[in-house]
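All residue numbers in this chain count up from 1 along the given sequence. Predicted model only: the values in this text are computed from it and were never measured.
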Amino acid sequence: MQQVESMQSMIRIVGLSATLPTYLEVAQFLRVNPETGLFFFDSSYRPVPLAQQYIGISERDYTKKTELFNTLCYEKVVESIKQGHQALVFVHTRKDTGKTARTLIDLAAKAGELELFSSADHPQFPLIKKDVSRAKSREVVEFFESGFGIHNAGMIRSDRSLMERLFGDGLLKVLVCTATLAWGVNLPAHTVVIKGTQLYDPKAGGWRDLGMLDVMQIFGRAGRPQFDKSGEGIIITTHDKLAYYLRLLTSQLPIESQFLGSLKDNLNAEVALGTVTNVREACAWLGYTYLFIRMKTNPLVYGITWEEVLGDPSMGAKQRTFIIDAARALDKAKMMRYDEKSGNFYCTELGRIASHFYLQYSSVETYNEMLRRHMSESEVITMVAHSSEFENIVVREEEQDELEALARKACPLEIKGGPTDKHGKISILIQVYTSRAPIDSSSLHSDAQYISQSLARIMRALFEICLRRGWSEMSSLLLEYCKAVDRKIWPHLHPLRQFDKDLSPQILWKLEERNVDLDRLYEMEENEIGALIRFSHQGKLVKQYVGYFPYVNLSAIVSPITRTVLKVDLHITPDFVWKDRYHGMSERWWIIVEAGICSVTINFIFQDSENDTIYHSELFTLTKKMARGTPTKISFNIPIFEPHPPQYYIRAISDSWLHAESLFTVSFHNLTLPQTQITHTELLDLKPLPLSALGNKTYEDLYRFSHFNPIQTQAFHVLYHTDNNVLLGAPTGSGKTISAELAMLHLFNTQPDMKVVYIAPLKAIVRERMNDWRKRLVTQLGKKMVEMTGDFTPDLMALLSADIIISTPEKWDGISRSWHSRSYVMKVGLMILDEIHLLGADRGPILEVIVSRMRYISSQTDRSIRFVGLSTALANARDLADWLGVTDDGLFNFKPSVRPVPLEVHIQGYPGKFYCPRMNSMNKPAYAAICSHSPNKPVLIFVSSRRQTRLTALDIIQLAASDEKPRQFLSMDDNSLDMVLSQVSDSNLRHTLQFGIGLHHAGLNDRDRSLVEELFSNNRIQVLVCTSTLAWGVNLPAHLVIIKGTEYYDGKTKRYIDYDITDILQMMGRAGRPQFDQHGKAVILVHEPKKSFYKKFLYEPFPVESNLREHLHDHINAEIVSGTISNKEEAIIYLTWTYLYRRLVVNPAYYGLEDTETNTLNSYLSRLVETTFEDLEDSGCIRVDDRSVKYLILGKIAAQYYLSYLTVSMFGSNIGPNTSLEAFVHILSAAAEFDELPVRHNEDNLNRTLSGNVLYPVDQHHLDDPHVKANLLFQDLQHFPRVDVKLQLQNEQDRSKSPTLNIRVQLKNSRRSTSRAFAPRFPKAKQEAWWLVLGNATSSELYGLKRISFADRVVNTRMELPQMFNVQETKLILVSDSYLGFDQEYSLEHLTKR
């Protein structure tokens, strides 16, 4: 109901009930309209009228009272049976069902009336008697002969079903049962007798009265609508309870709420869900409950005095008291954090686990008290036995003998308390369940079933608790017992017992008897295994199942990033035969250091072997597609401490298979850690320079401000008055672009004929620079500027005349490769490298190569090129500066905290294992952050995907609506809004803009994006929900930035991975508007386990490392083609110009070196060059001689067209003179360039649909492969016509008539709705048409020519042929008049043969 009101998502609620005395209040609770939605029928509306009898017994003596109860019960039952009816007798214990049935049979025998109950004359009696004889319960068989039956929860399901069927068929006259029959089974009878109204309550530890709801439900079973005209309900109780039940059933006792008893559990669930975040919201939530309604009607029941009612008629204070008491209790149990001062609630991992696994508050209290870092197996079982979920289990005297026998036979672990103790009994039943031991007693069997329903989730919850606490030993133990409970196999048994449905018990016993572990079985041959188990013919079967057993090989490369952080690249290679029957579609694994878990979803847990601490845990799922033997790479960071431990252990442990685990040892023996060398430039207390310092009025007019900011002021002299290289590291929003412009203006002053090259790593940044500088530098200074991206390639004249070239790294790399023949490359005087800290990212190698090449060009041409690098604050600025040729005067590396607008950062952690629910739980905190930090100022919310922009915006709209301020973020009148909405093409954006919330992502068209940017920058809308590209590409600062989640889905690895710290910093940098704000605010919502990581490293960035080593082949090939490298020595010299060479010396272990000795470095570089040459030679790109290296045609093609050497090698091997178009499409789509093509969530389903509409088939088993997606996109001809032609030859045999060719042309595209040709450069609209050309292909004689177009999807036409024509040589050619490559040719030869 709260969801309906807050989210405006209508959910219809229909409540069904027996007649309620408080029906008006229940209707109010369900928000029912009493005029139209409330229907109340009292007992007079029963389909079968009910006669009620209330019998009170005043006898005090227990024995006589019991005898009287039985006698009265018998009399009422006999009375009903004599009238030809059946009777249900309700008692209140399982044991009493059999006892009462036996007593009634004895009374009938004593009265000589046993024949009344017999069904021996029923035609099916002999047949049914056989079924009954197979019943497990002895009492069922015994009582059937007399026409009696029993029914209780302690009986097995088949026996209960048998009793229900026999009573329904009339073969049983009397059924003695417990109240569960009234609730769970629709089995009516004419007469219902409730024998006694006292039942034992294990929670209260005493007797209580049968509740009103139970009585009403039981009486509801009286009278069968199809057969009876009336029913009879009889209560036999003690005299003192008679008035109570009379009042109860004459609707004088209302139904009270029991919600207070579970308030803590329910409040915790709401806090974990994120719907309740403070006391105010909790009170509002409590206002939706039936408890709140009854509190106002009958306060005394809930401990509220009349004085409190008079002082607080609305019950607000009492609501608050209930909530605060529950919150304090939950805070004490560590299930949530309650801030008494602010009244805010914060979910904890323990609370989330309790909510997720449905643990009761009292159980969590028990675990907090009993759970320790080191526990034995029996202590764990004992702790589980103390769970409040099992508090209803009672010890029965008649079960003791069997419990003792089970404890001896089926319990391998110690039992504390023994079978006479309640917890001892539960421990026995837990072990019996795991051992699969048979249980004779039906009550014990029922208790075991009850325990088994909660056991697995309790074990999983305890495992999660230990995992979150970082206890490796307990995590491993509990995971082992989670699997033991799931599979009902003890951990000490043989692993192949998990295939016990397929392997015989004799084989498994032999394997355990011989003590043969899996490792030994892996190494043994089939005949050896057969001989070992003395079943020679079974050796092959055992070996087969050993192959099915899940196993993964682990290998890891450990690279130090700093002295305290290691980067681990873990490779997981499956080494087992995947069988759907055993493994399903995926397997889960955990990876742990020393104590962890691994499953076919793999969770990585790093643990110190001595300290028993888990350092890292991460979940990974191994799918069937990934299990084909190819390694899967997972990268993560782990801490390392001084003094260094000798080793870490990485263990992969299956989440579902016992003993399925692998171990990898990470040794620190020869690990060389880099030295700490963070050097920051102090921000000097300088007077801000005015614009007049430029000394040029034209330059001053470029800027709207009056003074440079402190960072620009400090770097001004070096940038504007010298030619020194500069590296400027400062936070986003510090004005680094204007600093770069100072260097450009200096070049315009001193060398106006030289060019500026601005390198930006993203097209979005290029576009932003183009838009900005076009308005200022081009318009006001008269400079010429060109853009070079994948979308724009300027011609040679534009490049020659340009003063400013703005390019992506790839484009400049492609152009500068041929620098010898391109004069404009040698006329570069200034190179600005924006975001140079991205050297360590995916595209970093290209950036590294172009800088190295430009520095090499500068050294070869004696023309100095000035380098200006712009970056965020760097951890190793000195290394970067040395590589760029920057001296101390030009190095500025300011701290992350140095910003023109100070930034206040809040990092909030949110639990939740799965991404989408976690993102959903962040929406309410995001809205709360807007309300508290920026209620009236602009807000940017960064999310990971287009879908998340929409979902986040919709949730914020709903939250604003629930606050009764739905349009609080909108600053436009209705007329202006209507005008804006009329220009928007995206339906989702049109909807959100009505509430002042914009969307921004790559899926919007340019017009929509520009419109949203304009609305946000002009404060017409307050909130903009966007993807991370906005942080880089568009300069749209806001007062508040919310980063909603720090992960994104990586289509290549099919998992969520973390953003780089640089991306996070870039997003944060958008907070704070220099002209308007005194300070900015950033709220980062992260996954709880990563909260400490971001707290530590957000302002301590990692050093920038080189990625060139993994991408060296293509760049070496390009330099060989350009002539820069002609032998091995020149290749080594070329490497010394790279950033890689600088980092080899500083952090050798990161690149696989043990030390930095000269010989070690030389041999490393030599080996790197040799292996690169060998790979290039094998691919056919180069030829290596003794003293030289020369490029081949494939190498030249790769360099010229910017292709990977792997791609041209594959093309060269597979493309020949007779390659078909189908083969060519497959070859083209296999290019290495498409490796990174993202395949998003569920796109494999879209690809499957698309594969049915393309000409050439693709591999249906790899529809989530990027190359298959590329293939389908190449073939996706939905924008182009697909035409099918059918031919028929007429009058071929009739010489008196000319032969005629009937032609049927059909358009196959089902989704095409227009016949307009796709010709964007054609000066006017062009309609598609086709030419039918009929003629002799050998002699080129034309028989006919006809133009057709599609008014409908089918065109039928005919063309005449000459009387004498050669069928073999005659062909029909279909020619498109709009598109190339769509012509089709048809021979007529097959028509005559048919």
Side-chain angles (χ1 to χ4, degrees), residues 630-631 633 790 808-820 841-853 856 1052 1106-1135 1137-1141 1151 1164-1185 1188-1216 1219 1223-1237 1265-1267 1270-1271:
T630 54
K633 177 184 170 185
T808 54
E810 291 84 354
K811 276 290 181 181
W812 189 254
D813 183 22
I815 280 180
S816 61
R817 284 178 177 184
S818 305
W819 61 273
H820 295 284
D842 291 342
R843 300 166 76 187
I846 302 167
L847 199 57
E848 183 172 345
V849 162
I850 59 176
V851 173
S852 302
R853 183 181 297 130
Y856 179 78
K1052 188 178 180 183
S1106 172
N1107 281 341
L1108 181 61
R1109 181 179 50 164
E1110 292 80 13
H1111 303 84
L1112 194 58
H1113 297 77
D1114 294 323
H1115 301 296
I1116 289 287
N1117 177 66
E1119 300 304 334
I1120 293 170
V1121 172
S1122 69
T1124 304
I1125 295 174
S1126 59
N1127 54 49
K1128 179 182 174 182
E1129 289 73 24
E1130 287 178 349
I1132 293 174
I1133 292 169
Y1134 169 81
L1135 287 178
W1137 286 91
T1138 63
Y1139 182 62
L1140 168 67
Y1141 182 72
Y1151 304 94
Y1164 177 86
L1165 292 175
S1166 180
R1167 192 166 60 252
L1168 186 59
V1169 168
E1170 283 174 4
T1171 54
T1172 305
F1173 279 5
E1174 287 171 6
D1175 292 344
L1176 288 172
E1177 188 172 29
D1178 291 343
S1179 66
C1181 291
I1182 63 172
R1183 186 176 71 247
V1184 181
D1185 298 330
S1188 67
V1189 56
K1190 294 180 180 177
Y1191 68 84
L1192 301 176
I1193 186 65
L1194 288 180
K1196 186 169 184 178
I1197 291 171
Q1200 185 171 346
Y1201 292 100
Y1202 212 78
L1203 298 176
S1204 164
Y1205 80 102
L1206 295 171
T1207 298
V1208 294
S1209 175
M1210 188 264 294
F1211 285 175
S1213 303
N1214 292 284
I1215 297 176
T1219 302
F1224 185 80
V1225 169
H1226 289 304
I1227 293 166
L1228 181 61
S1229 61
E1233 281 69 15
F1234 302 123
D1235 286 348
E1236 303 294 332
L1237 183 66
D1265 185 272
H1267 298 283
N1271 190 323

**Request:** For Tyr1141, look at atom OH and say whether over 12 heavy atoms of other residues, nucleotides or ligands are found less than 6.0 Å away.
**Result:** no

**Rounded distance [0.5 Å steps], CG in Asp1114 versus SG in Cys1181** = 8.0 Å

**Message:** Working to the nearest 0.5 angstrom, can you tell me the gap between Leu1168 CG and Arg1109 CZ?
**Reply:** 8.0 Å

**Request:** Calculate, to the nearest 0.5 Å, the distance between atoms CE and CG belonging to Met1210 and Leu1203 respectively.
**Result:** 10.0 Å

**Prompt:** Taking it one step at a time, do Phe1173 and Asn1127 satisfy side-chain contact (heavy atoms from CB on, under 4.5 Å)?
**Reply:** CA-CA 10 Å; Phe1173 279 5; Asn1127 54 49; over 6 Å; no

**Distance (rounded to the nearest 0.5 Å) between Tyr1134 OH and Ile1120 CD1** = 10.5 Å

**Message:** As a quick check of understanding, evaluate side-chain contact (heavy atoms from CB on, under 4.5 Å) for Leu1192 and Ile1182, giving each step before the final call.
**Reply:** CA-CA 5 Å; Leu1192 301 176; Ile1182 63 172; 5.5 Å; no

**Item:** Residue pair His1115 / Ile846, side-chain heavy-atom distance below 4.5 Å
**Value:** yes

**Thr1124 side, atom OG1; Glu1119 side, atom CD - distance, nearest 0.5 Å** = 4.5 Å

**Message:** With no hydrogens and no angle check, just 3.5 Å: does a side-chain donor-acceptor pair link Tyr1202 and Asp813?
**Reply:** yes

**Request:** Decide yes or no on side-chain contact (heavy atoms from CB on, under 4.5 Å) for Tyr1139 and Leu1108, but give the supporting numbers first.
**Result:** CA-CA 8 Å; Tyr1139 182 62; Leu1108 181 61; over 6 Å; no

**Request:** For the residue pair His1267 and Asp1235, confirm or rule out a side-chain donor-acceptor distance under 3.5 Å.
**Result:** yes

**Item:** Side-chain donor or acceptor of Ser1229 paired with backbone N/O of Val1225 under 3.5 Å
**Value:** yes

**Request:** Return yes if some donor-acceptor pair links the side-chain N/O of Ser1188 with the main-chain N/O of Asp1185 below 3.5 Å, else return no.
**Result:** no

**Prompt:** Between Ile1132 and Ser1166, what is the shortest heavy-atom contact and its length?
**Reply:** CD1-CA, 4.1 Å

**Request:** Check whether the side chains of Glu848 and Ser1106 place a donor and an acceptor atom closer than 3.5 Å, and report yes or no.
**Result:** yes

**Heavy-atom side-chain contact between Ser1179 and Tyr1205 under 4.5 Å** = yes

**Asked** With a 4.5 Å limit on heavy-atom distance, are the side chains of Asn1214 and Phe1224 in contact?
**Response** no

**Prompt:** Quick one: do Lys1128 and Glu1170 make a salt bridge, cutoff under 4.0 Å?
**Reply:** yes

**Message:** On a heavy-atom basis, which atom in Leu1237 and which in Pro1266 lie closest, and how many Å separate them?
**Reply:** O-CB, 3.3 Å

**Asked** Any side-chain heavy atom of Phe1211 sitting closer than 4.5 Å to one from Leu1228?
**Response** yes

**Request:** Answer yes or no: is there a donor N or O on one side and an acceptor on the other, between the side chain of Thr1172 and the main chain of His1113, under 3.5 Å?
**Result:** no

**Prompt:** Do the side chain of Asn1117 and the main chain of Gly1195 share a donor and acceptor less than 3.5 angstrom apart?
**Reply:** yes

**Request:** Compute whether any side-chain donor of one residue and acceptor of the other, for Ser1122 and Arg817, lie under 3.5 angstrom apart.
**Result:** no

**Message:** Between Glu1233 and Thr1207, is there a side-chain donor-acceptor contact under 3.5 Å, judged purely by atom types and distance?
**Reply:** yes

**Message:** Does Gln1200 form a side-chain contact (heavy atoms from CB on, under 4.5 Å) with Ile1197? I'd like the steps, not just the answer.
**Reply:** CA-CA 5 Å; Gln1200 185 171 346; Ile1197 291 171; 5.9 Å; no

**Asked** In Å and rounded to the nearest 0.5 Å, what is the CG to CG distance from Leu1112 to Leu1176?
**Response** 8.5 Å

**Request:** Please name the pair of heavy atoms, one in Leu1194 and one in Gly1180, separated by the smallest distance, quoted to 0.1 Å.
**Result:** CB-O, 3.4 Å

**Message:** If you compare all heavy atoms of Tyr1151 against all heavy atoms of Tyr1164, which two are closest, and at what distance to 0.1 Å?
**Reply:** O-OH, 3.3 Å

**Request:** Spell out, as yes or no, whether a donor-acceptor pair under 3.5 Å connects the side chain of Thr1219 to the backbone of Ile1215.
**Result:** no

